[in-house]
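Order of appearance sets the numbers: ligands from 1, and atoms from 1 within every ligand. Note: hydrogens, waters and symmetry copies are ignored here, and every other heavy atom, side chains too, is used.
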Amino acid sequence: MVQKNEVFDLEITGMTHEGMGVGKKDGFAVFVQGAIDGEIVIVKIIKVLKGYAIARIEEFIKKSPERQEPFCPVYKRCGGCSIQHMTYEKTLAFKRQVVLDNLTRIGGLDNVQVNETIGMERPFSYRNKAQYPVGMGKTGPVSGFFAPRSHEIIDSEVCEIQHPVSDVAKKTVLDYIKKYNVSVYDEITHKGLIRHVVTKVGFTTGEVMVIVVATRKELPHRDKLIEALKSNIPELKSVVLNINEKPGNVILGEKNITLYGKDTIEDVLGGLVFEISPLSFYQVNPIQTEILYKKAIEYATLSGNETIFDLYCGIGTIGLFAASKAKKVIGVEVVEEAVKAAKKNALRNNISNAEFYAGKAEEVVPELYKKGERADVVFVDPPRKGCDEELLKTLVDMSPERIVYVSCNPSTLARDLKYLTSQGFKVHEVQPVDMFPWSYHVECVVLMSRL
Ligand code: SAH
């Protein structure tokens with residue numbers, strides 16, 4: 001056991017999935033924020049929990065050659081990025097290791113081929129969507145990002161992972177709030193008007209949407225805000241007021257009022273045009289998304305005769321990417337708005353062999369199967385909690401030739417692969433793709449086939 005405030009040398013021998021260094025003190029696990037495997041550090045215990053302790057670095061005895069100076073001035077205080085103290089190369093190796101660990105420990109899969117993580121040539125300014133909370137700081141209104149495990153807002157003029165126009169939009173709204181004494185939301189009292197500034201940027205088209213999230217629809221001096229946004233952002237195509245009256249962490253409410261320009265913006269991905277609305281899901285890193293989808297479609301090895309299922313399809317991106325190489329595409333998605341967008345996107349791109357259904361994949365797919373629909377190739381791209389077991393059972397019964405699994409959470413991926421491999425599928429290859437540079441999150445695409 002270790003005691004609070006105890007100080008000792010520690011050799012870092014591993015990493016947690018959130019990027020903390022791990023060492024053992026007399027067999028007891030000690031987690032150290034900011035330490036890298038291979039380092040030897042003097043640590044001070046700040047908290048002792050049941051199975052492990054948390055410590056802080058006091059001093060370095062041996063530094064990793066893979067350590068770098070974080071490029072962001074608020075890195076230590078902001079909860080956004082968590083692995084800026086590693087070189088980019090190291091972060092890619094770390095992410096591959098996280099996938100490998102999960103597949104072996106949870107999935108029981110030994111000898112799986114996990115490729116090197118595909119990184120970005122320039123892992124900066126990659127996000128096409130920013131969500132800045134707005135609140136009251138010590139000296140006035142602030143907007144930025146939440147501190148780790150807290151709702152303290154850390155203000156920073158520049159966020160290097162966002163498209164630069166997002167920072168401009170945030171600053172413009174904040175200046176307007178200060179200039180006209182507009183009230184900001186208080187999470188505790190639920191009073192105040194402005195809650196968030198959300199931006200969406202079409203990387204290929206250059207179109208920009210700014211969404212101001214407020215508790216009511218009356219914005220004082222609203223024309224001044226629009227004028228300021230227009231003059232600071234030449235590519236501005238849409239300003240939307242989103243109403244969110246409900247307390248809680250959900251950022252966007254259901255009601256949108258377009259204050260300026262169009263209701264939606266457009267982006268081009270892999271030669272296809274997609275409509276982006278305030279509420280629909282769209283991958284946040286368009287450069288890596290194209291790489292991810294290309295990999296997924298390569299894994300599908302389509303000849304043109306296949307029926308493919310695109311499950312958890314969002315606005316239909318993967319299925320529409322694959323449509324020209326398949327006989328028929330069936331997409332399933334739970335958010336109705338997204339299904340409408342998927343249908344529109346198919347029309348917009350002259351794709352006539354794609355159908356989309358609204359509903360839970362675990363309910364719609366068994367129904368389709370009962371009606372006689374069969375897929376030759378299935379894409380699944382579930383949210384963090386992974387696939388529902390009902391869905392996996394139906395896939396096993398339907399027995400497609402290949403399943404291509406796109407995952408943003410290696411632990412639920414490993415759980416689902418464990419099930420599928422016990423039911424007659426084989427995992428061929430796993431490709432991690434760095435969709436979220438400098439955060440510990442890792443995305444991967446997996447090729448499986450029927451035995
Ligand atoms: N494939 C899309 C979206 C992936 S995100 C893309 O690449 O853009 C996961 C999607 O799953 C979200 O759109 C979410 O709304 C949807 N979803 C969540 N639970 C679902 C369920 N049970 N059935 C179908 N879709 C679901």
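- Remark: ligand 1 atoms within the under-4.0 Å shell around heavy atoms of Tyr293 are 6 (C), 7 (O), 8 (O).
- By the side chain to side chain contact (heavy atoms under 4.5 Å, CB included) test, Asn232 pairs with Val168, Thr172, sequence neighbours left out.
- Using a 4.0 Å cut-off to heavy atoms of Thr317, the atoms of ligand 1 that qualify are 6 (C), 7 (O), 8 (O).
- For a threshold of 3.5 Å applied to N or O pairs, the pair formed by Ala361 and ligand 1 contains at least one separation below that value.
- Tyr293 and Phe321 have perpendicular rings, their planes meeting at more than 60° on a 0 to 90° scale where under 30° would count as parallel.
- Salt bridge status for Lys360 with Asp388: absent, with no side-chain N to carboxylate O gap under 4.0 Å.
- Proximity to Gln283 (heavy-atom distance under 4.0 Å) selects the following atoms of ligand 1: 6 (C), 7 (O), 8 (O).
- Under the 4.0 Å criterion applied to side-chain N and carboxylate O atoms, Glu362 and Lys393 are not assigned as salt-bridge partners.
- Of all heavy-atom pairs between Pro400 and Phe425, the closest is O-CE2, 3.5 Å.
- Those atoms of ligand 1 with a heavy atom of Gly359 less than 4.0 angstrom away are 23 (N), 24 (C).
- For Arg105, the side chain to side chain contact (heavy atoms under 4.5 Å, CB included) partners two or more places apart in sequence, or in a different chain, are Asp101.
- At least one heavy atom of Pro383 sits less than 4.0 Å from an atom of ligand 1.
- Cation-pi contact between Lys170 and Tyr132: present, with separation from the ring centre below 6.0 Å and deviation from the ring axis of at most 45°.
- For Val334, heavy-atom contacts with ligand 1 shorter than 4.0 Å involve the backbone as well as the side chain.
- Atom 22 (N) of ligand 1 has Glu362 OE1, 3.1 Å as its closest protein atom, hydrogens excluded (heavy atom only).
- Checking only distances, Asp381 does come within under 3.5 Å of ligand 1, N or O to N or O.
- For ligand 1, the atoms lying closer than 4.0 Å to a non-hydrogen atom of Val335 are 15 (O).
- Annotation: Glu333 places an N or O atom under 3.5 Å from an N or O atom of ligand 1; distance criterion only.
- Contact detail for Ser183 and Gly192: the closest heavy-atom pair is OG-CA, 3.5 Å.
- Closest to atom 3 (C) of ligand 1 among all protein heavy atoms lies Tyr312 O, 3.4 Å.
- Here Cys313 has backbone heavy atoms under 4.0 Å from ligand 1, and that is the only part of it that gets that close.
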Using side chain to side chain contact (heavy atoms under 4.5 Å, CB included), reason through Asp167 and Val165 one step at a time and then give a plain yes or no. CA-CA 5 Å; Asp167 285 329; Val165 84; over 6 Å; no

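- The ligand atoms of ligand 1 that sit less than 4.0 angstrom from a heavy atom of Gly314 are 2 (C), 3 (C), 13 (O).
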